[in-house]
Structure formats: C-alpha cells, structure tokens
Participant: 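One structure, pasted below without further comment.
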Amino acid sequence: MGRARGQDDRRPAPETRAQVREVWRDVLRRDPHQTLFHGDVLGVLRSVGPVLAEHPEYADVLGRLCEPERQIVFRVPWTDDAGRTRVNRGFRVQFNSALGPYKGGLRFAPSVDLDVIKFLGFEQIFKNALTGQDIGGGKGGADFDPKQASPTEVMRFCQSFAVELARRVGAAVDVPAGDMGVGPREIGWILGQYQRVVGLHEPGAFTGKPAVLGGSALRPEATGFGVVYFLQRILGEQGRDLDGARVVVSGSGNVALHAMDKVIAAGATVVGCSDSRGSVSEPDGVDVDALREVKGQGGSVADYAEKRSGAQTSDGSAFTLECEVALPCATQNEIRPDEARALVDNGCWAVVEGANGPVTPAAREILREAGVGFGPGKAANAGGVAVSALEMQQAAGRERWSAQDVDERLAAIMVDVHDRARDAGERYCGDPTDYENGANAAAFLRVAEAVHSLGVV
Ligand code: NDP
Ligand code: 2IT
C-alpha cells in the first residue's frame with residue numbers, strides 16, 4: 001500500500017456522506033428490528049469513510065452490499081422418535097456473489113432467526129474477501145436445537161433441511177459448511193440427501209465434510225488454528241509471544257478446543273474456559289484432551305471440573321479471570337463492557353475473536369481506549385472459511401492435500417489477512433494496530449471493486 005493518508009484526506013465529500021446516510025436509513029426502515037445486523041452494518045459504514053474519500057464511486061455499491069441478493073426462509077418438517085411431526089424454520093441468506101459462489105456456514109441453534117443469519121451473512125462477505133479467495137458471502141441455518149435431539153432425529157432434520165436446500169445451492173452457486181451445532185456429521189447427512197435429490201455426485205457443493213467424503217485435512221482445526229496464527233501476528237507486533245502467557249478461551253466446541261490445542265503448543269497455559277452452562281478456572285492449565293472427552297460424551301465444563309482437583313466452576317463469565325490473552329470462541333455478545341473492563345484491569349494484552357461478534361461495540365471501545373490489541377472475527381476467524389475454499393479447490397481438481405500442505409497454506413493466508421488489515425489500518429486510519437477498521441476497509445475495497453465492475457446487477 002502507498003503512503004498513509006492524512007487526516008484531511010480521510011473525510012468523504014458531503015454528497016458521499018449523504019449517500020451513506022441514505023443507505024443507513026434504508027437498512028433501518030426495511031428491517032427495524034434486526035439489531036444484530038444493524039450493529040454490523042454500522043461498524044462497516046463507519047470504517048469505510050476514508051475509503052470512500054479516495055473512491056467516491058464505491059458509495060454507490062454500499063446499498064447493494066447491505067441488501068442480500070436473496071433471502072430464503074422455509075419450513076423444515078420432520079418426525080421425532082416418538083412419531084410426532086415437528087416444524088422448524090430454515091434460512092439461507094445469499095448475500096453477495098460478486099467474488100464467487102455464496103459461501104458460509106449453517107447454524108443450528110434455538111436462537112437462530114433472520115437477524116442472526118443476516119448479521120452472520122453480512123460479516124461473511126467481508127471475511128471471505130479478506131482471505132483473498134474467490135468466494136462470495138452467505139449464511140444459513142435453522143432454529144433447531146440439536147442438543148435436544150437424538151442422532152436419528154438430527155439426521156431426519158438434516159435430510160428435510162437438505163431437500164429445500166437442494167434447489168438453492170451447488171458447487172457453482174452456493175457452498176454451505178458448518179457453524180454452531182453443525183459439524184462434519186451433519187454436513188455428511190445433508191450432502192447425502194442433497195445428492196439424492198439432485199441426482200449428481202457433487203461433493204463440492206458443501207465443505208466441512210467428513211474426510212472420507214472429501215473433507216479437507218485440517219478443516220476441523222482450521223478456524224481455531226487460524227485464530228492463533230492471527231493472535232501470534234498481533235503479539236509479534238507488540239514484541240511479545242505466547243510462551244508462558246495465560247489464556248482464557250470461551251466455549252468448548254470446535255473453534256475453542258482447537259484454539260486451546262494451538263496456544264498450549266506455543267507454550268501458553270489455558271487458565272479458563274466455558275460452555276453454555278457455565279465457566280471453569282484452572283490456574284495450572286486445562287487438560288484439553290480430558291475436556292474434549294467430557295464434551296464429546298455430552299457433558300459440560302462443570303462435569304470436566306468435577307474430575308479435576310485444581311479446577312473451580314462458576315456461573316459467571318470466564319473473562320473476569322486474570323489472563324494475558326482472551327479468545328472468545330463461543331457466540332455473539334460474550335464480552336460486554338463489564339468483561340472488557342475486567343480484562344483491562346487484569347492487564348490483558350490482546351482479545352482475539354474466534355466467534356463471530358463476541359465483543360460488543362461498547363466493549364471494543366473500552367479495549368481500544370486502554371490500548372488492548374483487538375483481532376476482529378472477520379479477520380481472525382477467517383481460517384475456517386479459507387480452508388473451506390481450499391476444500392472447494394481440492395473437490396474441483398479431484399485432489400487430496402496433506403495436513404501439512406493445508407497447514408502451510410492456512411498459515412500463509414492468515415499472515416496475508418493480518419497484513420491486509422494492518423496495512424489498511426495504517427493507510428486509512430493512520431494506525432496499523434486498528435485491525436477492526438483496517439479489516440473493514442481492506443475487505444470493502446476488494447468487494448466494492450468487484451461489485452462496481454459488474455455494473456448495476
Ligand atoms: P460449536 O457448536 O462447536 O461450539 C459452540 C460452543 O459455544 C459450545 O461449547 C457451546 O456450549 C458454547 N456456547 C454456545 N452458546 C453459548 C452461550 N450463550 N454462552 C456460552 N457458551 C455458549 O460451534 P463452533 O465452535 O463451530 O462455533 C463457535 C463460534 O465460532 C460461533 O460464533 C461461530 O459462528 C464461529 N465460527 C465458527 C467457524 C467454524 O469453522 N466452525 C468459523 C468461524 C467462526 P455447549 O457446549 O454447552 O453447547
Ligand atoms: O463463520 C464462518 O466463517 C464459518 N462458519 C465457516 C464458513 C465456511 O464456509 O467454512
């Protein structure tokens with residue numbers, strides 16, 4: 001990137017600012033109750049001002065970025081083990097396809113609604129652009145609770161969900177993957193029914209598949225590993241490293257467990273973790289294999305702690321524990337102002353988002369003012385979707401790459417994501433550590449150029 005822009009060059013012209021205000025008014029008017037989505041849009045609109053000062057022609061793109069190309073809401077009927085008919089609501093929001101097929105995960109959780117899916121889908125457009133790969137943005141899921149269902153019920157649900165999805169997705173159209181509540185097992189079941197309906201062998205229509213069906217080596221690990229590769233770059237810029245650091249990780253699902261593995265391998269100690277039922281502190285270090293085993297059997301972090309003499313459980317947040325690094329890897333809105341203040345008071349060096357949207361805007365402001373390093377999810381957790389894109393490449397080329405090969409590519413992509421966010425932070429905000437505005441600016445530049453080049457479509 002060229003010379004950093006001065007303060008005066010960073011303010012868009014009055015007519016450009018008016019265009020941005022009109023986009024924001026339309027977003028509020030169309031869906032007045034979608035507060036999660038609004039928060040995410042506002043963050044992007046605030047970040048892109050300096051980009052629009054340089055490229056006023058991209059203001060015209062904003063309205064199209066904020067309105068999904070297509071929103072599919074559908075009924076998912078299924079039969080439970082007692083023979084009763086059950087109904088859930090399914091979603092697929094195909095947000096933007098300027099850079100490639102819509103790409104993004106499926107979330108199964110009772111809290112899923114159109115607001116959650118639009119927030120995640122909007123975030124995904126920019127995250128995917130930051131990876132440098134040719135993938136558009138989308139997201140989907142259902143208000144279905146897999147934790148309250150037996151394996152046969154989950155399979156029937158996935159099959160019913162896949163029947164509707166079959167008319168909407170495909171390797172060159174839209175390529176879903178997993179997210180909360182959806183892992184390789186569910187993707188395998190969805191793919192199985194999808195292929196029956198479309199009458200094709202088309203494993204490239206989904207990523208995050210079981211390895212035997214063409215799932216990429218290291219896709220399960222990719223998000224958590226990528227978070228730590230990003231964290232290591234932030235710490236490197238601070239002249240620090242993970243050796244001897246105390247780390248708190250929230251969640252104990254896919255992203256959290258692999259992030260724990262990676263920080264421990266780098267010499268850190270995981271002193272706290274959590275799940276939807278509570279949190280645990282363990283100053284001598286969480287035993288991740290033991291935790292994985294308990295969680296794999298449907299247990300909670302409290303069940304894990306019961307077996308460990310040095311562990312203590314709590315109903316409160318894990319982020320009030322003393323730590324140098326915080327990795328929120330569970331869900332949105334986990335770190336609010338109270339937790340942010342506790343992290344600052346405890347001398348935390350960096351907060352890096354493994355989950356999507358776990359740190360609220362007010363909490364981010366507190367971290368920023370205190371000079372705590374912050375890695376926004378759309379950059380820091382991009383490793384998952386990046387390896388999904390590598391899985392798409394492997395499917396298209398009928399190839400299988402080794403775990404080492406994928407890990408090297410993942411590490412290189414995370415360095416690029418970090419450097420893109422840092423360089424844009426420097427250029428557009430005069431602050432190379434402003435990864436949040438930098439990530440938004442860098443991603444917007446790439447997507448906006450693509451949308452603009454396609455004409456008004
Ligand atoms: P999982 O379903 O594997 O794990 C989610 C974890 O979060 C579980 O331990 C769950 O608890 C916990 N959790 C859920 N809700 C809450 C809550 N309200 N409070 C505290 N803990 C909670 O999901 P993933 O690990 O795949 O996803 C985690 C986050 O990472 C999500 O925000 C997701 O969007 C994001 N992400 C995921 C990617 C991926 O590749 N999977 C890629 C990029 C981002 P319990 O065990 O009790 O259910
Ligand atoms: O939030 C995310 O980036 C994901 N759930 C992964 C999406 C994907 O397509 O791999």
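Note that the structure is a prediction, hence the values are computed from the model and not measured. Both counts, for ligands and for their atoms, begin at 1 and track the order of listing.
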Participant: Heavy-atom distances under 4.0 Å decide this one: backbone, side chain, both or neither, for Gln332 against ligand 1?
Facilitator: neither

Participant: List every atom of ligand 1 that sits less than 4.0 Å from any heavy atom of Lys147, numbering the atoms from 1 in the order shown and giving each element.
Facilitator: 45 (P), 47 (O), 48 (O)

Participant: Enumerate the residue pairs fulfilling side-chain hydrogen bond (donor to acceptor under 3.5 Å, both in side chains) with a member in residues 352-366, sequence neighbours excluded, ordered by first and then second residue.
Facilitator: Lys127-Asn356, Asn356-Asn381, Arg364-Glu436

Participant: With under 30° as parallel and over 60° as perpendicular, where do the rings of Phe108 and Phe144 fit, or are they tilted in between?
Facilitator: perpendicular

Participant: Determine, stepwise, if the pair Leu343 / Cys323 fulfils side-chain contact (heavy atoms from CB on, under 4.5 Å).
Facilitator: CA-CA 8 Å; Leu343 289 166; Cys323 62; 3.8 Å; yes

Participant: Once rounded to the nearest 0.5 Å, what's the spacing between atom OH of Tyr229 and atom NZ of Lys262?
Facilitator: 3.0 Å

Participant: Should Arg107 be counted as touching ligand 1, given the test is an N or O pair under 3.5 Å?
Facilitator: yes

Participant: For a quick check: using heavy atoms under 4.0 Å, what are the residues in contact with ligand 2, sorted by chain and number?
Facilitator: Lys103, Gly104, Gly105, Gln124, Lys127, Lys139, Ala177, Gly178, Asp179, Arg219, Asn356, Gly384, Val385, Ser388

Participant: For atom 19 (N) of ligand 1, what is the nearest protein heavy atom, given as residue, atom name and distance?
Facilitator: Ser276 CA, 4.1 Å

Participant: Consider ligand 1: state whether an atom of it lies below 4.0 angstrom from any non-hydrogen atom of Gly354.
Facilitator: yes

Participant: Could you tell me which residues satisfy ring pair (Phe, Tyr, Trp, His ring centres under 6.0 Å) with Phe319, sequence neighbours excluded, listed by chain and number?
Facilitator: none

Participant: Got a salt bridge between Asp134 and Lys103, using NZ or NE/NH1/NH2 to carboxylate O under 4.0 Å?
Facilitator: no

Participant: Quick one: which ligand 1 atoms are inside 4.0 Å of a heavy atom on Gly181?
Facilitator: 2 (O)

Participant: Run the numbers for me: atoms of ligand 1, each under 4.0 Å from some heavy atom of Lys295, listed by number.
Facilitator: 45 (P), 46 (O), 47 (O)

Participant: Have a look at Asn254, Val116, Val385 and point out the one with the heavy atom closest to atom 41 (N) of ligand 1.
Facilitator: Asn254

Participant: Just need the protein heavy atom nearest to atom 33 (C) of ligand 1, so name the residue and atom and give the distance.
Facilitator: Asp179 OD1, 3.3 Å

Participant: Kindly check if the number of other-residue, nucleotide or ligand heavy atoms within 6.0 Å of CZ (Arg46) is above 12?
Facilitator: no

Participant: Among all residues two or more places apart in sequence or in another chain, which pass the side-chain contact (heavy atoms from CB on, under 4.5 Å) test with Lys147?
Facilitator: Asp145, Ser276

Participant: So is Ser252 polar-close to ligand 1, meaning N/O to N/O under 3.5 Å?
Facilitator: yes

Participant: Say whether Arg219 and ligand 1 are in contact under the criterion: heavy-atom distance to a ligand atom below 4.0 Å.
Facilitator: yes

Participant: Run down the list Gly253, Ala355, Ala330 and name the one with the heavy atom closest to atom 28 (C) of ligand 1.
Facilitator: Ala330

Participant: So, Glu391 and Lys209, do they make that salt bridge, N to O below 4.0 Å?
Facilitator: yes

Participant: Salt-bridge test for Arg368 and Asp434: reply yes if a basic N is under 4.0 Å from a carboxylate O, no otherwise.
Facilitator: yes

Participant: To the nearest 0.5 Å, how far apart are CD1 in Ile187 and CG in Leu106?
Facilitator: 5.5 Å

Participant: Out of Val301, Leu291, Val255, whose heavy atom is nearest to atom 24 (P) of ligand 1?
Facilitator: Val255

Participant: What orientation do Phe95 and Phe37 show, parallel under 30°, tilted 30 to 60°, or perpendicular over 60°?
Facilitator: tilted

Participant: Taking the basic N atoms (NZ, or NE/NH1/NH2) and the acidic carboxylate oxygens, is any pair closer than 4.0 Å for Glu449 and Arg446?
Facilitator: no

Participant: Which label fits Phe74 and Phe161: parallel for a plane angle under 30°, tilted from 30 to 60°, or perpendicular past 60°?
Facilitator: tilted

Participant: Determine whether the side chain, the backbone, both or neither of Cys329 has a heavy atom under 4.0 Å from any heavy atom of ligand 1.
Facilitator: backbone

Participant: Heavy-atom distance to atom 20 (C) of ligand 1: which of Asp275, Asn356, Thr223, Thr331 wins?
Facilitator: Asp275

Participant: Quick test: of every protein heavy atom, which one is nearest to atom 14 (C) of ligand 1, and how far off is it to 0.1 Å?
Facilitator: Met180 CE, 3.6 Å

